[in-house]
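Nothing here was measured: the structure is a model prediction, and the numbers come from that model. Start at 1 with the first residue, then count along the sequence.
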Amino acid sequence: MGDWASGELLGFDFETTGIDRFIDVPVSFALVTVMAGHIVSTSAGLVDPGREIPAGAVGVHGISTERARTEGMPLKEAIEMIADAVISASRRGVPLVGMKLDFDLTILDHQSRRLGGGSLVERGWIGPVLDAVVLDRHHDRFRKGRRTLAALCSHYGVDIEHAHDATADAVASARVLFALAARFKELAEADLHSIHEAQIGWHREWAEGYDEWRTGRGLTPIDRRDFIWPVAPMSLPCEETKLIA
């Protein structure tokens with residue numbers, strides 16, 4: 001494998017109040033440090049979102065409003081701590097790894113802005129990111145079937161316990177990435193900057209194709225912001241809206 005697979009990685013995952021990354025907030029988090037394929041430390045916990053957790057979300061991750069309020073750290077404190085860890089990793093060139101990280105990173109960025117800390121980029125974050133689903137879609141693009149974390153784990157022979165637990169999901173995502181690197185030599189040998197930049201285009205290509213598929217069947221087009229990876233803005237500039245309209 002390339003240097004990135006034998007070096008340090010930071011696994012990252014949120015469980016949240018819902019699926020809208022511009023409105024919903026974390027109820028739990030996990031930051032998992034991996035060295036040469038081995039987990040060396042984990043920082044994880046509950047977050048008090050400062051609002052009711054909808055029943056649908058509780059049904060997914062099992063974290064009730066009462067439990068989050070009782071056991072969770074305040075939202076602002078959690079966002080600040082997690083942003084600091086992500087930015088520190090970026091400054092050291094350590095890749096952030098996970099599954100569909102445009103969801104988690106956009107939440108982190110938006111909440112950091114909203115709570116007065118500034119955007120991730122303003123605070124010094126520049127990546128790199130390794131996103132299991134973006135890489136899998138590109139390197140095995142014609143494979144049929146779903147590409148959820150559970151599906152990727154099954155396909156690549158990765159065990160996952162307690163799905164929708166932030167720590168379990170972060171660990172499983174990292175292991176899927178190692179499996180991808182073992183299977184696809186070009187990914188294993190690529191440098192982190194090249195992989196990060198390539199994923200921006202690969203994700204956009206996928207989003208364009210998915211949007212075309214939906215509109216061709218009379219379905220609602222996807223959100224224009226979904227074309228942007230790994231951090232989507234709250235609103236798009238006029239020229240960007242025209243470009244992808």
Side-chain angles (χ1 to χ4, degrees), residues 1-14 16 21-22 25-26 28-45 47 73-135 166-167 169-178 180-181 187-204 228-234:
M1 293 184 184
D3 288 343
W4 69 262
S6 60
E8 181 180 354
L9 311 176
L10 181 62
F12 173 44
D13 187 66
F14 276 145
T16 63
R21 55 191 170 164
F22 299 104
V25 295
S28 70
F29 70 92
L31 295 163
V32 179
T33 299
V34 183
M35 293 289 294
H38 301 284
I39 298 166
V40 296
S41 67
T42 299
S43 174
V47 180
M73 68 172 64
L75 178 62
K76 185 173 183 178
E77 179 182 330
I79 292 296
E80 185 68 21
M81 182 271 292
I82 296 162
D84 282 348
V86 168
I87 292 162
S88 175
S90 177
R91 286 174 174 158
R92 293 183 291 115
V94 173
L96 192 70
V97 305
M99 173 76 180
K100 205 179 186 307
L101 281 173
D102 54 325
F103 178 80
D104 305 80
L105 276 171
T106 298
I107 287 179
L108 183 62
D109 182 77
H110 177 58
Q111 292 302 317
S112 181
R113 290 171 183 263
R114 187 181 72 84
L115 296 169
S119 73
L120 294 177
V121 170
E122 289 169 344
R123 297 175 63 171
W125 181 82
I126 58 172
V129 174
L130 297 173
D131 193 321
V133 72
V134 176
L135 293 168
T167 300
D169 287 359
V171 169
S173 297
R175 288 175 175 160
V176 167
L177 282 164
F178 288 125
L180 278 159
L187 172 60
E189 295 179 347
D191 68 88
L192 285 169
H193 177 75
S194 297
I195 301 172
H196 181 95
E197 291 300 313
Q199 286 171 104
I200 295 172
W202 295 340
H203 174 80
R204 192 181 193 96
I228 300 172
W229 179 98
V231 178
M234 188 70 173

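- The main-chain N or O of D3 is found under 3.5 Å from a side-chain atom of S6 such that the two form a donor-acceptor pair.
- Once rounded to the nearest 0.5 Å, the distance linking OG of S173 with CZ of F12 reads 11.5 Å.
- Judged purely by atom type and a 3.5 angstrom limit, S112 has no side-chain atom pairing as donor or acceptor with the backbone of L120.
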Applying side-chain contact (heavy atoms from CB on, under 4.5 Å), run through I39 and V171 and close with a yes or a no. CA-CA 8 Å; I39 298 166; V171 169; 3.6 Å; yes

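- In this structure, the separation between CD on Q111 and CD1 on I82 is 10.5 Å, given to the nearest 0.5 Å.
- Here the CZ atom belonging to F29 is positioned 10.0 Å from the CD1 atom belonging to I79, to the nearest 0.5 angstrom.
- Ion pairing between a basic and an acidic side chain is recognised when a charged N comes within 4.0 Å of a carboxylate O; R21 and D102 show such pairing.
- Of the options V231, L192, L101, V86, a side chain to side chain contact (heavy atoms under 4.5 Å, CB included) to V129 is made by L101 and by none of the others.
- Using modelled atom types, no side-chain atom of Q199 and backbone atom of V134 make a donor-acceptor pair closer than 3.5 Å.
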Please report the C-alpha distance between V25 and T16 in whole Å, then the side-chain angles of each, then the deciding distance to 0.1 Å, and finally whether the side-chain contact (heavy atoms from CB on, under 4.5 Å) criterion is met. CA-CA 5 Å; V25 295; T16 63; over 6 Å; no

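- When all heavy atoms of R123 and G117 are compared, the closest pair comes out as CD-O, 3.1 Å.
- Within the 4.5 Å cutoff, the side chain of R114 has heavy atoms near those of the L75 side chain.
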Begin with the C-alpha distance, continue with both residues' side-chain angles, and end with the deciding distance and a verdict on side-chain contact (heavy atoms from CB on, under 4.5 Å) for R92 and I87. CA-CA 9 Å; R92 293 183 291 115; I87 292 162; over 6 Å; no

Kindly determine whether V34 and V40 satisfy side-chain contact (heavy atoms from CB on, under 4.5 Å), including the steps that lead there. CA-CA 6 Å; V34 183; V40 296; over 6 Å; no

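- Nearest heavy-atom pair across S90 and G124 is OG-O, 4.2 Å.
- Listed here is the closest heavy atom pair of A89 and L10: CB-CD2, 3.9 Å.
- Between the CD1 atom in I195 and the CH2 atom in W4 there is a gap of 6.0 Å [rounded to 0.5 Å].
- Here S119 pairs with E122 under the side-chain hydrogen bond (donor to acceptor under 3.5 Å, both in side chains) rule; sequence neighbours left out.
- The line from CZ of F14 to OG1 of T106 is 11.0 Å long, rounded to the nearest 0.5 Å.
- L9 and P95 get closest at one heavy-atom pair: CD2-CG, 3.3 Å.
- One distance of note links CG of D131 with CE of M99; it measures 7.5 Å at 0.5 Å rounding.
- Taking 4.0 Å as the cut-off between side-chain N and carboxylate O, R113 and D109 count as a salt-bridged pair.
- Residues L105 and P230 approach most closely at CB-O, 3.8 Å, considering heavy atoms.
- Inter-residue side-chain proximity for T42 and T33 is flagged as unmet; no heavy-atom pair is nearer than 4.5 Å.
- The backbone N or O of A30 sits nowhere less than 3.5 Å from a side-chain atom of T167 that would complete a donor-acceptor pair.
- Taking both residues in full, the closest heavy atoms of P233 and I228 are given as CD-CD1, 3.7 Å, listed atom of the first, atom of the second, then distance.
- Two rings, from H196 and W229, have their centers less than 6.0 Å apart.
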side-chain hydrogen bond (donor to acceptor under 3.5 Å, both in side chains) between S194 and D191, intermediate numbers included: CA-CA 6 Å; S194 297; D191 68 88; 2.7 Å; yes

